[in-house]
Amino acid sequence: SDPKNASLRADWGSLMARTHNAADAEALYGEALQINPNHTGAMVGMAELAADRWEAQAAEWIKRAFQVNPNLAEAHLLVTRTALEQDDFRTAEETLDKVLKVNPRLLEAWSLRGVSDYLQEFNRGNNPTVEQGWIPRILKENPHYGKVFADLGDFISLKRQIPSAVEFYRRALAADP
C-alpha cells in the first residue's frame, strides 16, 4: 500500500465507517486529509461521522467539501439526509434539485426524493403508500434497488414507526438480498 495515497486512506476509512468502527474511520480520514487537505471523500466521511453523532462539526466539513467541489453529490446527499431528519423538507428539496441538475439519474437522490414525499404525507396525517411517486420510478429503473426501502426504514424509524420500519427493511432485503 502506498503511504502517500489519500484516496486509499479515505476508502479504507469508509470501510471502517460501514463496519461501525468510527474511531479508526476518523483516523484514516484524518490521514487522508494530511496527505491531501482537499480530499473531498475524506471531508464527506468526516462529516458523516460527525452527523452520526449529531455534532455541528458536520456542517463545517460539508462547507469545506463544497469549497473544493460545489457539485459534490455525496455532500449534497448528506445535507439532504440531515434536512430530512429535521423535517426540513424545503432544504431537502432544494438540495436534491442541485444534485439532480448535475446527475438527473442518480438513484440515491431519487430515493431521498421518495423518502421526502413519503415523510411529508406521513406528517400531514395521511397514510402514505410506496405505490405512487418516486418509488415505482426507482424500481422501474432498477428493480433490485433495495436501498430505497432501507432509506424509508431509516427515516420512518425516526418517527417511531417501528412496525413500518421493519417492513421496509424486509422489502429492502427482498429487493437486494
Side-chain angles (χ1 to χ4, degrees), residues 5-103 106-120 122-123 134 138 145-162 165 168-169 172:
N5 187 333
S7 293
L8 180 64
R9 297 279 179 205
D11 289 346
W12 194 11
S14 295
L15 176 64
M16 292 293 108
R18 282 193 303 274
T19 58
H20 307 286
N21 192 338
D24 286 345
E26 190 167 1
L28 287 161
Y29 291 140
E31 289 175 21
L33 290 166
Q34 285 177 345
I35 296 166
N36 177 359
N38 291 324
H39 196 284
T40 57
M43 289 180 206
V44 172
M46 292 291 258
E48 288 172 344
L49 291 174
D52 287 346
R53 296 184 298 246
W54 299 89
E55 294 175 356
Q57 191 179 20
E60 288 303 312
W61 284 113
I62 291 296
K63 182 179 174 183
R64 283 182 58 187
F66 282 145
Q67 288 170 347
V68 176
N69 181 353
N71 294 321
L72 188 63
E74 294 85 353
H76 284 291
L77 294 173
L78 181 57
V79 169
T80 300
R81 286 183 168 284
T82 303
L84 290 173
E85 288 171 355
Q86 299 167 0
D87 286 342
D88 183 354
F89 299 110
R90 182 175 176 195
T91 298
E93 298 295 324
E94 290 170 357
T95 306
L96 286 170
D97 287 344
K98 292 176 187 175
V99 173
L100 292 169
K101 190 178 284 187
V102 174
N103 186 348
L106 186 64
L107 288 179
E108 291 91 341
W110 289 14
S111 180
L112 292 177
R113 180 79 74 179
V115 167
S116 178
D117 292 349
Y118 187 93
L119 292 176
Q120 288 179 68
F122 178 83
N123 285 354
W134 283 89
I138 293 165
Y145 193 72
K147 187 170 180 343
V148 66
F149 294 113
D151 286 343
L152 284 164
D154 290 347
F155 282 98
I156 203 67
S157 70
L158 294 174
K159 304 282 186 190
R160 308 227 188 281
Q161 301 298 307
I162 304 307
F168 284 133
Y169 292 134

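Remark: Arg160 CZ is loosely packed, at most 12 non-hydrogen atoms of other residues, nucleotides or ligands lying under 6.0 Å away. Annotation for Lys63: atom NZ does not count as buried by contact number, only 12 or fewer foreign heavy atoms lying within 6.0 Å. No more than 12 heavy atoms of other residues, nucleotides or ligands sit less than 6.0 Å from atom CH2 of Trp12.
Heavy atoms only, all atoms of each residue included: Leu72 and Phe66 are closest at O-CE2, 4.0 Å. Across Leu96 and Ala109, no two heavy atoms sit closer than the pair CD2-O, 3.7 Å. Taking each heavy atom of Ala42 and Ala10 in turn, the nearest pair found is N-CB, 4.1 Å. The two residues Val68 and Thr40 come nearest to each other via the heavy atoms CG1-CG2, 3.5 Å. The minimum heavy-atom distance linking Arg64 with Pro37 is given by the pair NH2-O, 3.5 Å. Of all the heavy atoms in Asn21 and Asp24, the pair that sits closest is ND2-OD2, 2.9 Å.
Atom OG1 of Thr91 sits about 9.5 Å away from atom CG of Leu84, to the nearest 0.5 Å. With rounding to the nearest 0.5 Å, the separation of CD in Gln57 from CE in Met46 is 6.5 Å. Within the model, atoms NZ of Lys147 and CG of Leu152 stand 10.5 Å from one another, a figure rounded to the nearest 0.5 Å. Within the model, atoms CZ of Arg18 and CD of Glu48 stand 9.5 Å from one another, a figure rounded to the nearest 0.5 Å. If you take CZ on Phe168 and CD on Gln161, they are separated by 10.0 Å, rounding to the nearest 0.5 Å. The structure places CH2 of Trp134 at 5.5 Å from CZ of Arg113, a figure rounded to the nearest 0.5 Å.
Residues Glu94 and Lys98 are not paired through a salt bridge, judged by the lack of any N-O separation under 4.0 Å between the basic side chain and the carboxylate. A salt bridge is defined here as a Lys NZ or Arg NE, NH1 or NH2 lying under 4.0 Å from an Asp or Glu carboxylate O, and Asp97 with Lys101 fails to meet this definition.
Between the Tyr29 side chain and the Gly41 main chain, no donor and acceptor come within less than 3.5 Å of each other. The backbone N or O of Gly153 sits less than 3.5 Å from a side-chain atom of Ser157, completing a donor-acceptor pair. Between the side chain of His39 and the main chain of Gln34, no donor-acceptor pair closer than 3.5 Å is present. For the pair Thr82 (side chain) and Leu78 (backbone), a donor-acceptor distance under 3.5 Å is present.
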Checking Glu55 against Trp61 for the side-chain contact (heavy atoms from CB on, under 4.5 Å) test, could you report, in this order, the C-alpha distance in whole Å, the side-chain angles of both residues, the deciding distance, and whether it holds? CA-CA 11 Å; Glu55 294 175 356; Trp61 284 113; over 6 Å; no
Could you check Val99 against Leu112 for side-chain contact (heavy atoms from CB on, under 4.5 Å), going step by step and ending with a plain yes or no? CA-CA 11 Å; Val99 173; Leu112 292 177; over 6 Å; no
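Residues Asp151 and Arg81 are in side-chain contact: their nearest non-hydrogen atoms beyond the backbone lie under 4.5 Å apart. Residues His76 and Val102 fail the side-chain proximity criterion, which asks for heavy atoms closer than 4.5 Å. For the pair Val148/Trp110, no side-chain contact is recorded, criterion being any heavy-atom separation below 4.5 Å from C-beta on. Side-chain contact between Asp117 and Glu93 is present, with heavy atoms from C-beta onward closer than 4.5 Å. Here the side chains of Arg90 and Asp88 are in contact, with some heavy-atom distance below 4.5 Å. For the pair Asp87/Lys159, a side-chain contact is recorded, criterion being any heavy-atom separation below 4.5 Å from C-beta on.
Side-chain polar atoms of Gln120 and Ser116 form a donor-acceptor pair below 3.5 angstrom.
With Met16 as the partner, the side-chain contact (heavy atoms from CB on, under 4.5 Å) test is satisfied by one option alone out of Leu49, Leu28, Asp11: Leu28.
Outside the 6.0 Å centre-distance limit, the rings of Phe155 and Phe122 are not counted as a close aromatic pair.
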